[in-house]
Amino acid sequence: MRTRFAPSPTGLLHIGGVRTALFCWLYARRHGGAFVLRVEDTDRERSTDEAVRVILEGMAWLGLNPDEGPFYQTRRYDRYREVIGDWLASGKAYHCYCSKEELDTMRAEQQARGDKPRYDGRCRHGKPKVEGVSPVVRFKNPGEGEVVVNDAVHGRVVFQNKELDDLIIQRSDGNPTYNFCVVVDDYDMAITHVIRGDDHLNNTPRQLNMLRAMVGEGGAVPVYAHLPMILGPDGAKLSKRHGAVSVLEYEREGFLPEALLNYLARLGWSHGDQEFFTLEEMVELFDIEDVNTSASAINPDKLAWLNQQHMLVADETRLADMLRVQLTAMGITPALEGPNLVAIVACQKERSKTLREMAMASRFFFEAPQVYEEKAAKKHLAPEGQAALLAVAAALELLADWSPLAIHEALNGLAAAQGVGLGKLAQPVRVAVSGGGVSPPIDATLAILGRSETLARLTRAATNA
RNA sequence: GUCCCUGUCGUCUAGAGGCCCAGGACCCCACCCUUUCAAGGUGGCGACACGGGUUCGAAUCCCGUCAGGGACGCCA
């Protein structure tokens, strides 16, 4: 059992590609097979090193590690030439001397007639060779009969050979083309399951015809599984304008790889009513038979929700490391003797959707507020609030044990003594310490901040009118 | 234009003829909990594209219509 993920490095690896890679990977893991990574870079014009980097880095970040590869098609040209030579010699392929202009007019005429534009095979049927023109090579597609694709997700799909034409397998500059390379590679790499995007369903009959030319009658061909497309949040095809960003952008924004994977798995696949899956569960439960057939739009809110769900159960030390990265990106360098990152994670994870959000909400632990949020200050740092701050500072100064519990009891005691609710004390403190009206529970917040920093911020806010 | 694919709440989906006057999740709203914000809990809003069949019975099967997407390239 062998699957492959075969991206072309002509654009950034985005969610759609990642979902395909995930399903290939899951299927291989589930069945104890191999997952092969192959970079389809035969389009020299548009392939970039940057795109290759994103593919490799992105997959590594997600843990979608290939068992074999990456293989690069541009390094397999000798093999492609060999096959083309064989086919030319055995009459499975032929040279075509038609110029681009000639082909353009042919297509235009066909379209004007309402026909499907397709090469009419004139060079196959005795059109004389043109001197001084370097020819392309075309594959002789069967003219009759039908090609049946038994697709694992779409079921039986039938194409008529007369809808197809003799496709170019080698350009006039000698470079082989995509549909041909795919066939040679899938054959050479002994791929048993071709899992890829829906947009390739139409290519499959051509590839099947060429594959049969390779394996001969009765030879084994892979199982095909065409996944439904992923659309942007607005339902439009994924593109730069419609939600297509590099997968690495999700890392920068502070998403957990397992959350992204969980989200992507649920696009086009489901297991009853279950929404939350660990990686292990996905491997155990995933099956290509359960993949559905219709395209789906990405929903950023649901991704964010799932990310939080995964943060809630993730190892806090690991999250602390990720939080550190986010803080650093914001220009904050957490000191060893400063606020404890694990403690911050513990109280912030249930109030953050991403680690980036967590970092932004935690900035005040590292930097005293420069200004107080206007509305919050007006409400809580009025003379009455400032008096409360002084009282709290006095109580905390004497505290023997600087722990959340001790702080909690001290504040409760003070509130009881003053005959007010805890909120009357907590809110002014929150504003004094964080600069705004929102923070984790005040006891945990102060415990993390430390006594001297807490007292400094309290007195500053109390005296700063 | 031709061929192919697809069509259940706004979105992701469950549903393989009766369990469905359609279930879950995100979003939104309300309430509970509560020191803020959250998290959590409870409840609410909300869909079988349309029209014909088949059947005692259809979201599920068949046909048509409409709508969306894809392919038709010396791109992948």
Side-chain angles (χ1 to χ4, degrees), chain A residues 6-11 40-43 45-47 73 96 98-100 103-104 107 110-118 135-138 149 151 154 157-160 162-165 167-173 175 177-179 181-182 197-206 226 228-229 231 233 235-237 263 266-276 292-306 308-309 312 347-353 361 376 380 408 411-412 415 421-427 429-431 434 436-443 445:
Chain A
S8 73
T10 53
E40 312 218 319
D41 53 355
T42 53
D43 184 351
E45 302 277 299
R46 298 194 301 150
S47 296
Q73 291 188 323
C96 167
C98 295
S99 67
K100 287 180 186 172
L103 295 174
D104 284 345
R107 271 192 284 268
Q110 288 167 331
Q111 232 145 5
R113 248 182 285 128
D115 290 345
K116 181 173 185 162
R118 52 190 288 284
V136 299
V137 177
R138 288 183 185 270
V149 180
D151 193 273
H154 289 275
V157 184
V158 182
F159 296 86
Q160 299 302 317
K162 62 174 193 288
E163 295 292 337
L164 276 23
D165 62 1
L167 73 161
I168 292 174
I169 58 178
Q170 187 178 75
R171 302 181 176 93
S172 50
D173 64 4
N175 287 319
T177 60
Y178 165 76
N179 275 111
C181 297
V182 166
D198 229 333
D199 47 344
H200 289 289
L201 185 52
N202 286 292
N203 289 146
T204 309
R206 305 166 167 286
H226 288 96
M229 300 269 88
L231 278 15
K237 189 186 177 185
Y263 177 71
R266 283 285 291 99
L267 246 33
W269 175 80
S270 60
H271 183 259
D273 286 339
Q274 189 171 346
E275 298 287 350
F276 183 96
N292 65 200
T293 47
S294 54
S296 43
I298 47 179
N299 180 343
D301 284 333
K302 188 158 182 178
L303 203 212
W305 172 79
L306 257 181
Q308 180 169 44
Q309 295 301 306
L312 257 15
C347 65
Q348 288 286 43
K349 64 182 179 182
E350 65 196 29
R351 30 183 69 74
S352 319
K353 300 283 193 197
H380 301 294
H408 182 76
L411 290 180
N412 265 337
L422 188 51
K424 282 283 178 207
L425 265 30
Q427 275 313 92
V429 172
R430 202 182 310 276
V431 178
S434 76
V438 174
S439 87
I442 203 66
D443 45 9
T445 301

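Quantities reported herein were computed from a predicted structural model and do not represent experimental measurements.
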[atom1] gap between [N] and [M], integer Å:
N: U36(B); M: C28(B); atom1: C1'; answer: 23 Å
N: G17(B); M: U54(B); atom1: C1'; answer: 11 Å
N: U42(B); M: A25(B); atom1: P; answer: 9 Å
N: G51(B); M: C12(B); atom1: P; answer: 23 Å
N: G23(B); M: A16(B); atom1: C1'; answer: 16 Å
N: C56(B); M: G64(B); atom1: P; answer: 24 Å
N: G52(B); M: G57(B); atom1: P; answer: 15 Å
N: U60(B); M: U6(B); atom1: P; answer: 15 Å

Sugar-phosphate only, base, or nothing, as touched by [X] at under 4.0 Å among non-hydrogen atoms:
X: R266(A); value: base
X: N175(A); value: nothing
X: E40(A); value: sugar-phosphate
X: K162(A); value: nothing
X: V136(A); value: base
X: N412(A); value: nothing
X: Q110(A); value: nothing
X: K237(A); value: sugar-phosphate
X: P228(A); value: nothing
X: I442(A); value: base
X: G235(A); value: nothing
X: C347(A); value: nothing
X: Q73(A); value: nothing
X: Y263(A); value: nothing

So for [X] and [N], does any side-chain atom that can act as donor or acceptor lie under 3.5 Å from a complementary atom in the base?
X: D198(A); N: G70(B); result: no
X: E350(A); N: G40(B); result: no
X: S172(A); N: C74(B); result: yes
X: R430(A); N: U35(B); result: yes
X: R351(A); N: C37(B); result: yes
X: K302(A); N: C12(B); result: yes

Which nucleotide wins on minimum distance to the side chain of [X], given the candidates [options]?
X: H154(A); options: A76(B), U2(B), U6(B); result: U6(B)
X: S296(A); options: A76(B), U13(B), C74(B); result: U13(B)
X: I168(A); options: U2(B), G24(B), C74(B); result: C74(B)
X: E275(A); options: U36(B), C4(B), A25(B); result: A25(B)
X: L103(A); options: C74(B), A39(B), G1(B); result: C74(B)
X: H200(A); options: A76(B), U11(B), G24(B); result: A76(B)
X: V438(A); options: C12(B), A14(B), U36(B); result: U36(B)
X: L201(A); options: A25(B), C72(B), C5(B); result: C5(B)
X: T177(A); options: U36(B), A76(B), G1(B); result: A76(B)
X: Y178(A); options: U13(B), C27(B), A76(B); result: A76(B)

Subject >> Non-hydrogen atoms of L201(A) and F159(A) that approach each other most closely >> reply: O-CZ, 3.7 Å

**OP:** Could you tell me which non-hydrogen atom of A6(A) sits nearest to which non-hydrogen atom of E40(A), and how far apart they are?
**Re:** CB-OE2, 3.3 Å

[N] pairs with, by Watson-Crick or G-U criteria that keep both distances under 3.5 Å:
N: U42(B); answer: A30(B)
N: C21(B); answer: none
N: C61(B); answer: G53(B)
N: C66(B); answer: G7(B)
N: A71(B); answer: U2(B)

Any [X] side-chain nitrogen or oxygen under 4.0 Å from OP1 or OP2 of [N]:
X: T293(A); N: G7(B); result: yes
X: S294(A); N: G69(B); result: no
X: R107(A); N: G73(B); result: yes

Original post:
Pick the nucleotide of RNA chain B nearest each of T42(A) and S439(A); which residue has the one closer to the 5' end?
Top reply: S439(A)

Original post:
Taking the nucleotide of RNA chain B with the closest heavy atom to each, which residue, W269(A) or L303(A), is nearer the 5' end?
Top reply: W269(A)

Original post:
Any ion pair linking D165(A) and R206(A) (charged N to carboxylate O, less than 4.0 Å)?
Top reply: yes

Original post:
Can we say E275(A) and K302(A) salt-bridge, meaning some charged N sits less than 4.0 Å from an Asp/Glu carboxylate O?
Top reply: yes

**OP:** Evaluate the side-chain hydrogen bond (donor to acceptor under 3.5 Å, both in side chains) criterion for residues Q110(A) and R113(A): first the C-alpha distance (whole Å), next the side-chain angles of each, then the deciding distance (0.1 Å), finally the verdict.
**Re:** CA-CA 5 Å; Q110(A) 288 167 331; R113(A) 248 182 285 128; over 6 Å; no

Original post:
Strictly by modelled atom types, are H226(A) and D198(A) linked by a side-chain donor-acceptor pair under 3.5 Å?
Top reply: no

Interatomic distance, [X] [atom1] vs [N] [atom2] [rounded to whole Å]:
X: Q274(A); N: U13(B); atom1: CD; atom2: P; result: 16 Å
X: D199(A); N: G73(B); atom1: CG; atom2: P; result: 16 Å
X: D273(A); N: C12(B); atom1: CG; atom2: P; result: 17 Å
X: N202(A); N: G73(B); atom1: CG; atom2: C1'; result: 14 Å

Has [X] got a side-chain atom pairing as donor or acceptor with [Y]'s backbone, closer than 3.5 angstrom?
X: D199(A); Y: M229(A); answer: no
X: Q308(A); Y: E350(A); answer: yes
X: S270(A); Y: R266(A); answer: no

**OP:** Under the side chain to side chain contact (heavy atoms under 4.5 Å, CB included) rule, what do N179(A) and I169(A) come out as? Steps first, then yes or no, please.
**Re:** CA-CA 7 Å; N179(A) 275 111; I169(A) 58 178; over 6 Å; no

